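Everything numeric here is computed off the predicted structure, so don't read it as measured data.
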Amino acid sequence: PVRWVYGLSRSLAALKQEGKMTEQEIKNKLSIIWDALHGFREDSIPEGQDKMYDEQWNEITGAMAEITEELGLDSGQPHD
């Protein structure tokens, strides 16, 4: 999932830079991604059952935070 997240971030950054997406459109896309990631968390990497799962989740959420920052956005989302 982390490689997927980074690939998507490059796509969103390019779309923003080219003026093909507004800041609000990008925020909406990020929200959709967060929803999908939380579903992945619930189904595939359950919280508190294995330290490895928690580390993987921290890596994913850290990547999302970096992406949001690199896009010059404040997600304003209370995500984990």
Side-chain angles (χ1 to χ4, degrees):
V2 173
R3 278 186 258 155
W4 175 81
V5 169
Y6 277 119
L8 185 62
S9 75
R10 286 190 297 273
S11 297
L12 288 174
L15 289 170
K16 182 181 179 194
Q17 203 169 38
E18 294 168 6
K20 294 182 179 178
M21 287 182 80
T22 66
E23 183 174 314
Q24 188 58 50
E25 288 171 326
I26 292 172
K27 284 183 179 183
N28 291 344
K29 300 294 183 197
L30 288 173
S31 181
I32 291 167
I33 295 165
W34 271 115
D35 290 345
L37 289 173
H38 280 285
F40 178 73
R41 170 73 160 165
E42 291 174 18
D43 296 340
S44 301
I45 52 173
E47 184 176 1
Q49 290 187 6
D50 187 320
K51 183 179 178 183
M52 181 184 73
Y53 291 146
D54 293 334
E55 289 172 358
Q56 184 179 17
W57 182 247
N58 289 338
E59 186 178 353
I60 291 167
T61 57
M64 286 295 291
E66 288 175 29
I67 289 163
T68 302
E69 185 177 308
E70 193 158 315
L71 289 169
L73 303 174
D74 174 18
S75 69
Q77 300 288 333
H79 295 293
D80 298 318

A.B. asks: With sequence neighbours left out, what residues match Gln49 under side-chain hydrogen bond (donor to acceptor under 3.5 Å, both in side chains)?
C.D. replies: none
A.B. asks: Run the numbers on Ile67 and Ile33 for side-chain contact (heavy atoms from CB on, under 4.5 Å), then give the verdict.
C.D. replies: CA-CA 12 Å; Ile67 289 163; Ile33 295 165; over 6 Å; no
A.B. asks: What pairs with Glu55 under salt bridge (Lys or Arg N to Asp or Glu O under 4.0 Å), at least two apart in sequence or on another chain?
C.D. replies: Lys51
A.B. asks: In Å, rounded to the nearest 0.5 Å, how long is the span from CD1 of Ile60 to CH2 of Trp34?
C.D. replies: 9.0 Å
A.B. asks: By salt bridge (Lys or Arg N to Asp or Glu O under 4.0 Å), which residues pair with Glu42, not counting sequence neighbours?
C.D. replies: none
A.B. asks: State the CG-OG1 distance between Leu30 and Thr68, to the nearest 0.5 angstrom.
C.D. replies: 5.0 Å
A.B. asks: Residues two or more places apart in sequence or in another chain: which of them pass side-chain contact (heavy atoms from CB on, under 4.5 Å) with Asp54?
C.D. replies: Arg41, Glu47
A.B. asks: Evaluate the criterion salt bridge (Lys or Arg N to Asp or Glu O under 4.0 Å) for residue pair Glu23 and Lys27; output intermediate values, then yes/no.
C.D. replies: CA-CA 6 Å; Glu23 183 174 314; Lys27 284 183 179 183; 3.5 Å; yes
A.B. asks: Just to verify, what does Asp50 make a salt bridge (Lys or Arg N to Asp or Glu O under 4.0 Å) with, not counting sequence neighbours?
C.D. replies: none
A.B. asks: What is the distance from atom OG of Ser44 to atom CD of Gln56, rounded to the nearest 0.5 Å?
C.D. replies: 8.5 Å
A.B. asks: Not counting sequence neighbours, which residues clear side-chain contact (heavy atoms from CB on, under 4.5 Å) with Glu69? List them please.
C.D. replies: none
A.B. asks: Please round to the nearest 0.5 Å and tell me the distance separating atom CD1 of Ile45 and atom CG of Leu37.
C.D. replies: 8.5 Å
A.B. asks: Please tell me whether Phe40 and Met52 are part of a single hydrophobic cluster in this structure, the criterion being side-chain heavy atoms less than 4.5 Å apart.
C.D. replies: yes
